[in-house]
Undergrad: 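Take this structure first; my questions come after.
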Protein chains: 2
Amino acid sequence: MVAQRGRRNGAAAHKRTRGGATPDADNAPTAEIPAVAENGADPEVRAKSIPEAAVARLAVYLRILSAMAEQGATTVSSEELSTAAGVNSAKLRKDLSYLGSYGTRGVGYEVAVLVGQIERVLGLTRQHKVAVVGIGNLGHALANYGGFPGRGFPVEALFDIDPDLIGVPVGGIPVTHLDDIPQVCADRQISIGVIATPPAAAQTVCDRLVEGGVQCILNFAPVVLQVPEHVEVRKVDLAVELQILSFHVARRADNEPNGKVAESTVAGNGAVLQS
Amino acid sequence: MVAQRGRRNGAAAHKRTRGGATPDADNAPTAEIPAVAENGADPEVRAKSIPEAAVARLAVYLRILSAMAEQGATTVSSEELSTAAGVNSAKLRKDLSYLGSYGTRGVGYEVAVLVGQIERVLGLTRQHKVAVVGIGNLGHALANYGGFPGRGFPVEALFDIDPDLIGVPVGGIPVTHLDDIPQVCADRQISIGVIATPPAAAQTVCDRLVEGGVQCILNFAPVVLQVPEHVEVRKVDLAVELQILSFHVARRADNEPNGKVAESTVAGNGAVLQS
DNA sequence: GCCGCTTTGTGCCTGCGTTCACAAATGAAC
DNA sequence: GTTCATTTGTGAACGCAGGCACAAAGCGGC
């Protein structure tokens with residue numbers, strides 16, 4: 001079962017300006033799953049939706065499964081996989097259930113099948129060409145990742161505004177000028193743009209990427225990007241990450257003014273504690 | 001997002017292992033707030049708890065507010081700030097309310113006060129020394145950020161395993177060998193460790209950081225780290241981010257097999273549009 | 001062929017986070 | 001001093017995600 005092509009999703013989650021939110025996921029984005037081939041008479045709603053949070057975890061499972069496969073494992077139980085991924089086994093099973101039923105009760109899951117299904121749902125069966133904009137320290141690092149972590153994400157274009165960089169190959173690809181973003185992206189069918197420019201340039205770069213037909217943007221610049229409805233943005237913000245960690249340090253320091261602790265992050269649900 | 005935390009579930013059953021989850025936030029981590037040193041008779045409202053998701057947003061607000069302050073703004077309304085941050089204004093107000101009541105009804109918030117309060121709650125009033133482990137492409141980029149985005153996070157130690165790198169200064173700081181992590185971290189009072197090593201080395205490095213007294217870890221390696229309860233881990237996973245984007249591309253392709261869309265997806269505030 | 005063990009798949013419950021909507025508070029105008 | 005326009009702060013409703021626990025479903029042994 002499960003062909004491709006989904007039928008509409010009744011959801012229609014309202015999106016707002018988006019572009020924000022680094023760490024936490026948007027809530028309830030829920031997206032449609034490929035689902036079955038529709039032939040009309042659908043008993044009930046076939047198309048299922050996958051919570052964004054689950055999607056993120058699926059990516060993690062995929063990596064672990066790939067590693068397992070490489071080591072010759074052919075099957076895994078939800079228990080195994082869940083501990084490896086650091087999640088609750090029930091949650092893992094629920095996540096996998098979004099893919100369909102590919103497990104065998106009493107046995108577990110076939111690693112190869114799972115890998116294939118996750119790749120299908122995540123859209124990894126086809127390549128997504130990546131462009132990196134801003135070849136500074138970070139951009140350099142990204143460009144050199146070479147094909148980017150995991151296969152399926154070949155870097156095929158690099159952009160910068162610095163004249164000295166134009167034409168210089170980085171990681172095998174010559175750097176092009178910012179002005180050519182729309183043209184080059186369109187030509188090379190870039191689908192993912194990575195912004196690693198200074199904050200001031202980010203929005204402009206973003207606009208050009210969109211103009212070039214880029215559908216998804218990974219933004220490392222500490223700016224909230226404004227994009228049209230149909231463009232997906234994810235943000236990775238170093239400063240925010242550090243500040244969140246800072247918060248936890250501070251919290252801990254406050255909770256244990258006397259240096260004595262225990263508890264700390266424990267708690268069944270709410271930390272609870274009084275100073 | 002992300003990530004993080006992982007507390008919960010006091011169940012003796014399975015251990016949580018934490019360290020996982022990149023993007024989405026766990027739910028309800030809630031942590032205690034510093035609580036001002038107010039002298040005034042504070043009815044109650046002492047220790048409140050701040051959802052992790054809110055903490056992440058506060059960091060974003062902080063940056064926007066800082067920028068506003070630099071441009072001479074002295075007050076902002078929740079509406080202004082919320083649109084700048086790309087969030088719902090009600091959410092913003094609730095987030096700010098975790099700090100205490102620092103707004104003036106009918107007027108708005110005083111930028112300077114807000115900045116101060118957010119810094120206080122995020123623990124930015126003191127410096128958090130950072131160590132970067134793994135001086136490869138990414139590590140290099142991180143080390144060169146110089147003081148890291150935003151002040152308050154000085155990089156004070158660099159580590160790598162490559163003999164050719166040991167002693168070489170990067171961004172002004174000489175690289176030390178991995179073996180010296182515990183010692184150096186303890187000596188220099190490092191509180192945040194950044195792991196930018198290959199996946200295979202990550203866990204070992206992590207253990208040494210913990211041994212050196214590091215309380216928080218920012219992990220760029222695609223591995224689920226095992227850490228003691230009292231250590232906080234946040235993970236930034238490039239591959240996962242890309243795969244999530246890939247998922248959205250795929251989803252979109254499935255939803256509009258005919259290139260027709262409609263389904264304008266309104267928006268709480270943003271634009272509408274139909275193609 | 002039947003029984004029992006193992007592991008999946010999921011219905012249900014709980015709880016957090018988001019959003020709405022409104023009362024309270026404040027400054028300005030008169 | 002009173003009223004009006006504004007904007008905050010928050011109680012309550014809602015919805016999603018997480019976790020538990022169990023029924024369903026294979027597999028192997030007898």
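Within every chain, numbering begins at 1; the chains are lettered A, B, ... in the order of the sequence lines, protein sequences first and strands thereafter. Just so you know, these numbers come straight off a predicted model, no measurement behind them.
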Undergrad: Choose from dG18(D), dT8(C), dT8(D) the nucleotide whose nearest atom is closest to any side-chain atom of Ser77(B).
TA: dT8(D)
Undergrad: Ignoring backbone atoms, test whether Tyr109(A) places a side-chain nitrogen or oxygen under 4.0 Å from the OP1 or OP2 oxygen of dG9(C).
TA: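 Yes, such a contact exists.
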Undergrad: Taking C-beta and beyond as the side chain, do Phe153(A) and Ser246(B) meet within less than 4.5 Å on heavy atoms?
TA: yes
Undergrad: Asp95(A) has an atom CG; how far is it from atom P of dT10(C), in whole Å?
TA: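 Checked: the CG to P distance equals 13 Å.
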Undergrad: To the nearest 0.5 Å, how far apart are OG in Ser78(B) and CG in Asn88(B)?
TA: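 CG of Asn88(B) is found 9.5 Å from OG of Ser78(B).
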Undergrad: Looking at Ser97(A), does any N or O in its side chain come under 4.0 Å of the phosphate oxygens OP1/OP2 on dG9(C)?
TA: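 For Ser97(A), the contact criterion (side-chain N or O under 4.0 Å from OP1 or OP2 of dG9(C)) is not met.
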Undergrad: Using the side-chain heavy atoms of Lys91(A), tell me which of these nucleotides is nearest: dT8(D), dG19(D), dT8(C).
TA: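 The answer is dG19(D).
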Undergrad: If you pin Val107(A) and Gly103(B) to their nearest nucleotides in DNA chain D, which one's is more 5'?
TA: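 The residue mapped nearer the 5' terminus is Gly103(B).
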Undergrad: Just how far, in rounded Å, is P of dT19(C) from CD of Glu79(B)?
TA: 13 Å
Undergrad: For Thr125(A) and Arg120(A), does a side-chain donor sit closer than 3.5 Å to a side-chain acceptor?
TA: no
Undergrad: Can you tell me the distance, in whole Å, between the NZ atom of Lys94(A) and the P atom of dT8(C)?
TA: 15 Å
Undergrad: Between dT19(C) atom P and Leu92(B) atom CG, what is the distance in whole Å?
TA: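 Roughly 12 Å, once rounded to whole Å.
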Undergrad: Do Arg234(B) and Glu52(B) sit within salt-bridge range, that is, some charged N less than 4.0 Å from a carboxylate O?
TA: yes
Undergrad: Would you say Arg57(B) reaches dT18(C)'s phosphate, i.e. side-chain N/O to OP1/OP2 under 4.0 Å?
TA: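 Affirmative; the distance criterion is met.
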Undergrad: Please determine whether a side-chain nitrogen or oxygen atom of Asn88(B) lies at a distance below 4.0 Å from atom OP1 or OP2 of dG17(C).
TA: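 So the side-chain polar atoms of Asn88(B) never come under 4.0 Å of the phosphate oxygens OP1 or OP2 of dG17(C).
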Undergrad: Using only side-chain N and O atoms of Thr104(B), determine if any of them is under 4.0 Å from OP1 or OP2 of dT8(D).
TA: no
Undergrad: What's the CG-P distance between Leu99(B) and dG9(D), to the nearest Å?
TA: 10 Å
Undergrad: Report the distance from atom CZ of Arg105(A) to atom C1' of dT7(C), rounded to the nearest whole Å.
TA: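 That distance rounds to 9 Å.
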Undergrad: Assuming nearest nucleotide by heavy-atom distance, tell me which of Ala90(A) and Gly106(A) is located more 5' along DNA chain C.
TA: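 Comparing both residues, the 5'-ward one is Gly106(A).
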Undergrad: Check the distance between dT8(D)'s P and Leu81(B)'s CG and give it to me in whole angstrom.
TA: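 In whole Å, dT8(D) P lies 10 Å from Leu81(B) CG.
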Undergrad: Given side chains that start at C-beta, do those of Val236(B) and Asn219(B) come closer than 4.5 Å, heavy atoms only?
TA: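 SC-SC contact between Val236(B) and Asn219(B) ruled out.
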Undergrad: How many whole angstroms separate atom OH of Tyr98(A) from atom C1' of dT10(C)?
TA: 11 Å
